[in-house]
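Every chain is numbered from 1, with letters handed out A, B, ... down the list of sequences. For clarity, every value in this text was computed on a predicted model and none was experimentally measured.
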Amino acid sequence: MTAGAVVLGTSGDGLGYARLDADGAIVEHGTIVDGDLARFVAETGAARWIWSDTAHWYPRLLAAGVRVARCRDLRLCHAILRDSAFVGAPTEIRAATSWDAAGEQEVDAAAPALFALSGESGPRGVPHDLDAAVAEEVRQRTAVRSSAEHGRLELLCAAESAGALIAAEMRAAGLPWDVAEHERILEETLGSRPPAGGLPARMAMLAGEIRTHLGDAQATLDAPAKLLRSLHRVGVPAQSTSKWELSRYEHPVIAPLLQYKRLSRLLTANGWAWLDEWVSDGRFRPVYVPAGVVTGRWASSGGGALQIPRMLRQAVRADEGWTFVVADVAQLEPRVLAGMSNDLALARAAQGRDLYAGIVDSGTVATRAEAKVAMLGAMYGATTGESGRLVPRLRRAYPRAMKLVDDAARTGEQGGVVSTWLGRSCPAPSTRWARAQRQAAGETGTAVERDRARREAGDRGRFTRNFIVQGTAAEWALAWLGEVRSRLAALDAVPTSEQAPRSGSGLGTRPHLAFFLHDELIVHTPLRHAEAAATIVREAAASAGRLLFGGFPIDFPLDLKVADTAAKD
DNA sequence: GGAACTAGCGCG
DNA sequence: AAAGCGCGCTAGTTCC
C-alpha cells in the first residue's frame with residue numbers, strides 16, 4: 001500500500017513536504033529536518049513523490065542509495081498537458097508560466113551544479129519551491145479530470161514520470177563497458193593509438209593512398225568542399241562526398257576513400273578520446289533526456305548514447321557473475337499502427353514473429369524487402385521510388401491503418417494538430433509557416449513562394465504522419481520499460497558476494513535496467529536472476545500491449561537473448 | 001576567438 | 001541506390 005501523494009519542494013531556507021488527499025487538498029505539511037531529503041524519503045516509504053523535475057531531485061536521492069517506486073514529474077507532465085488536444089476547454093494549464101522552462105540537464109551527483117544544490121531554480125528553469133509544486137499538481141489534476149480522455153492522459157503522465165526515474169537510474173547505474181575490448185577493436189580497425197594530433201597507422205596509410213590517386217600529396221580529405229574539388233580534378237563528377245554518392249563511381253580513389261571515411265568516423269565519434277571522456281570505472285554513463293524528442297522519444301546529451309555503433313556493441317560487457325538480457329521489439333511502429341487504427345488485417349499479418357513476412361503471406365507484395373520498404377514509406381510519407389510505388393498496395397490491403405496515417409498527413413498539411421494514442425500532441429505550425437500557407441492559398445505571392453509553401457505543407461504532412469506512429473511507439477516503450485522496472489525491483493536482492501558495486505546507488509543488488517534505445521532495452525542481471533529477468537522483459541511487453549490497446553489482438557514479439565555482451569549477430 | 005552554420009554519418 | 005520520419009555529435013567553414 002502506498003502512503004499517498006507527497007509533494008516535495010524548497011520551503012523557506014530549507015526543504016518541505018505536503019501530503020495531498022485524492023482531491024489535491026493538503027492534509028499534512030511540514031519541513032524536512034536538516035534538509036535531509038534522502039532520510040525523509042527513505043523513512044516515509046512508499047508514496048507517489050511529486051516534484052518539479054526528476055533530474056533535479058532524484059540524482060541526490062540515488063547518490064544516497066535511496067530509490068523511489070513512483071513519482072510525478074511536474075515539468076514533463078506539464079509539457080504534455082499544456083499541448084494536449086485531449087485537454088479541452090481553456091484551462092489554467094495552457095497559460096504561459098515558468099513551468100514551460102526546459103529541464104535541468106545532468107546533475108552530476110558527485111559534483112552538482114551550484115544552482116542544482118542551492119534549491120533555487122536554475123536560469124530559466126522550472127520552480128522548485130513547494131508552493132509552486134502543489135499549485136501545479138492541482139492544475140494538472142484539474143486538466144486531466146476535465147478531459148474526456150482522462151484515462152489515457154493519466155496513463156501517459158504516469159509512464160512519462162516512470163521514464164524520468166528510469167533515465168536517472170540508468171545514468172547512476174551506467175552501461176557496463178569493457179575498455180580493453182573497445183581498445184582492441186580500435187587498434188584492430190584503426191591501428192595503434194597515435195600520439196596526440198596524429199592519425200592512427202591504418203588511416204595514415206589510407207590517406208597516402210588516396211592522395212596518390214588524387215595526384216595531390218597535400219590534398220585535404222576532411223573538408224567536403226575541398227575534397228569534392230580534388231575529386232573533380234581526377235574525373236569523379238560527384239555532387240557530394242557522401243558515401244552513397246561516392247560509391248556510385250568507379251575510380252581507384254573511391255574504395256580507399258570510403259574506407260578512410262569509415263575509420264575517420266570511428267576515430268572521431270567513438271575513438272580513444274571518447275573512451276577517456278565518457279567511460280570511467282567500467283561504466284558508460286550518458287545523460288538520457290526523457291521526451292527530448294518532439295514525438296516523446298528520449299534524446300541523450302553527451303557521449304552519443306543513442307548512436308553507439310554496432311561494431312562497438314561487443315564492448316558492452318556484463319560484470320563478472322552477471323549477464324545481460326538484451327531485447328528489442330520486432331517492427332514496433334507498424335504494430336502500434338495496427339493497434340491505433342483497429343486494423344485487424346494488419347494485426348493478423350503481425351501475428352507471430354515477422355510482420356513483413358505476414359504482409360508477404362497475405363499476397364500484398366512479393367518479398368519481405370518490398371513489404372518493409374512499403375511500410376516504412378507509408379509511415380514516413382514516401383512519394384517516389386520503389387517505396388512510393390508500393391504504398392498503394394498497402395492502402396488496398398490495410399485501408400484502416402493507411403487511412404489513419406494519411407489523415408494525419410492531411411491534418412498536418414492543413415496546419416492542424418495531431419495526437420498520439422495516449423494524447424501527446426504535436427506542436428502547432430509556426431506563424432511563419434501559417435502565413436506562407438495563407439499567402440499561397442490567396443495566390444498573392446510569387447510562383448517561387450507558392451512552390452515553397454507547397455513543399456513546406458508536404459514537409460509538415462510527413463511530420464504529422466510520422467508523429468502519431470513514432471510517438472505512440474514511444475508510449476508503448478515507456479509502458480514496457482516501466483513495467484520491467486517495477487517487476488525487477490521486486491526480485492530478491494542477491495548476497496553481497498554477488499553484487500555489482502559499480503552499478504551505483506545500490507542498484508547493483510538486483511537486476512537493473514542498463515540501457516534503452518527507442519525499442520530496445522538491456523537489463524544487467526546477476527546470473528541467478530537471468531531467467532527471471534528475461535521472463536519479466538517478455539511479460540512486460542505483453543502487458544504494455546494490453547495497457548495501450550486492451551484486448552485488441554496485436555502482439556509485440558521480442559528478439560531476446562541472454563548474453564554477456566550486447567553484440568548483434 | 002567564439003557563435004552559428006553546414007556536411008556527413010551514426011542510431012532507431 | 002535513395003527515398004520518406006526523428007535525433008546527436010564532430011569537424012570544418014563562415015561570420016561577427
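- Within residues 388-423 of chain A, no residue approaches DNA chain C, by heavy-atom distance under 4.0 Å.
- Going from atom CZ of A:R455 over to atom C1' of C:dG4 covers 15 Å, rounded to whole Å.
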Protein and nucleotides 8-12 of chain C: nitrogen or oxygen contacts under 3.5 angstrom:
{"unit_1": "C:dG8", "atom_1": "O4'", "unit_2": "A:Q307", "atom_2": "OE1", "d": "2.9"}
{"unit_1": "C:dG8", "atom_1": "N2", "unit_2": "A:Q307", "atom_2": "NE2", "d": "3.0"}
{"unit_1": "C:dG8", "atom_1": "N3", "unit_2": "A:Q307", "atom_2": "NE2", "d": "2.6"}
{"unit_1": "C:dC9", "atom_1": "OP1", "unit_2": "A:G302", "atom_2": "N", "d": "2.1"}

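- Here A:Y380 pairs with nothing under the side chain to side chain donor-acceptor pair (under 3.5 Å) rule; sequence neighbours left out.
- Residues A:V316 and A:T565 have side chains not in contact (no heavy-atom distance under 4.5 Å, counting atoms from C-beta outward).
- With contacts defined as side-chain heavy-atom distances shorter than 4.5 Å, the pair A:T420/A:F86 does not qualify.
- A:L263 is listed as a side-chain neighbour of A:T189, based on a closest heavy-atom distance under 4.5 Å.
- In this structure, a donor-acceptor pair under 3.5 Å is present between the side chains of A:T54 and A:D73.
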A:L153/A:L422 under side-chain contact (heavy atoms from CB on, under 4.5 Å): CA gap, chis, key distance, verdict: CA-CA 6 Å; A:L153 284 176; A:L422 295 185; over 6 Å; no
Salt bridge (charged side-chain N to carboxylate O under 4.0 Å, His left out) between A:E449 and A:R454, worked out: CA-CA 9 Å; A:E449 283 170 337; A:R454 193 163 32 241; over 6 Å; no
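- In this structure, A:H182 and A:W177 have tilted ring planes: the angle between them lies in the 30° to 60° band.
- Looking at A:L246 and A:H251, their side chains never come closer than 4.5 Å, going by heavy atoms from C-beta outward.
- Each of A:H518 and A:R248 was matched to the nucleotide of DNA chain C holding its nearest heavy atom; the match closer to the 5' end belongs to A:R248.
- Across all strands, A:V294 comes closer than 4.0 Å only to sugar-phosphate atoms, never to a base (heavy-atom distances).
- Within the 4.5 Å cutoff, side-chain heavy atoms of A:K568 are placed close to those of A:D328.
- As a whole-Å value, the separation of A:L228 CG from C:dT13 P is 13 Å.
- Side-chain atoms of A:Q331 and A:D519 form no donor-acceptor pair, as typed in the model, at a separation below 3.5 Å.
- Using the Watson-Crick or G-U wobble rule with both distances under 3.5 Å, C:dA3 pairs with nothing in any strand shown.
- Side-chain contact, A:E169 with A:Y58: a donor N or O sits under 3.5 Å from an acceptor N or O.
- Look at A:S387 and you won't find any side-chain N or O under 4.0 angstrom from OP1 or OP2 of C:dA2.
- Taking the six-membered ring for Trp and the full ring otherwise, A:W274 and A:F284 have centroids separated by under 6.0 Å.
- Nucleic acid contact class of A:L332 (heavy atoms, under 4.0 Å, all strands): none.
- Boundaries of the chain A contact region on DNA chain B are B:dA7 to B:dG12, first to last in 5' to 3' order (nucleotide atom under 4.0 Å from a heavy atom).
- An OP1 or OP2 oxygen of C:dG6 is reached within less than 4.0 angstrom by no side-chain nitrogen or oxygen of A:R297.
- Backbone-only engagement by A:R310 is indicated by non-hydrogen atom pairs under 4.0 Å involving sugar-phosphate atoms exclusively.
- Proximity of residues 198-213 of chain A to DNA chain C (heavy atom under 4.0 angstrom from any strand atom) is not detected for any residue.
- Between A:F463 and A:F467, the ring-plane angle classifies as perpendicular under the 30° and 60° cut-offs.
- Residue A:T295 has no polar side-chain atom (N or O) positioned under 4.0 Å from OP1 or OP2 of C:dC5.
- Whole-Å rounding puts the A:E386 CD to C:dG4 C1' distance at 13 Å.
- When side chains are defined from C-beta on, A:L257 does not count as touching A:H213, because their heavy atoms never get closer than 4.5 Å.
- Under the Watson-Crick and G-U wobble criteria, each requiring two contacts below 3.5 Å, nucleotide C:dC9 is paired to B:dG8.
- Near DNA chain C, defined here as any heavy-atom distance below 4.0 Å, the residues from residues 235-247 of chain A are A:W244, A:E245, listed numerically.
- Within a 6.0 Å sphere centred on NZ of A:K372, heavy atoms belonging to other residues, nucleotides or ligands number 12 at most.
- Within the 3.5 Å criterion, the main-chain N or O of A:R285 finds a donor-acceptor partner in the side chain of A:R171.
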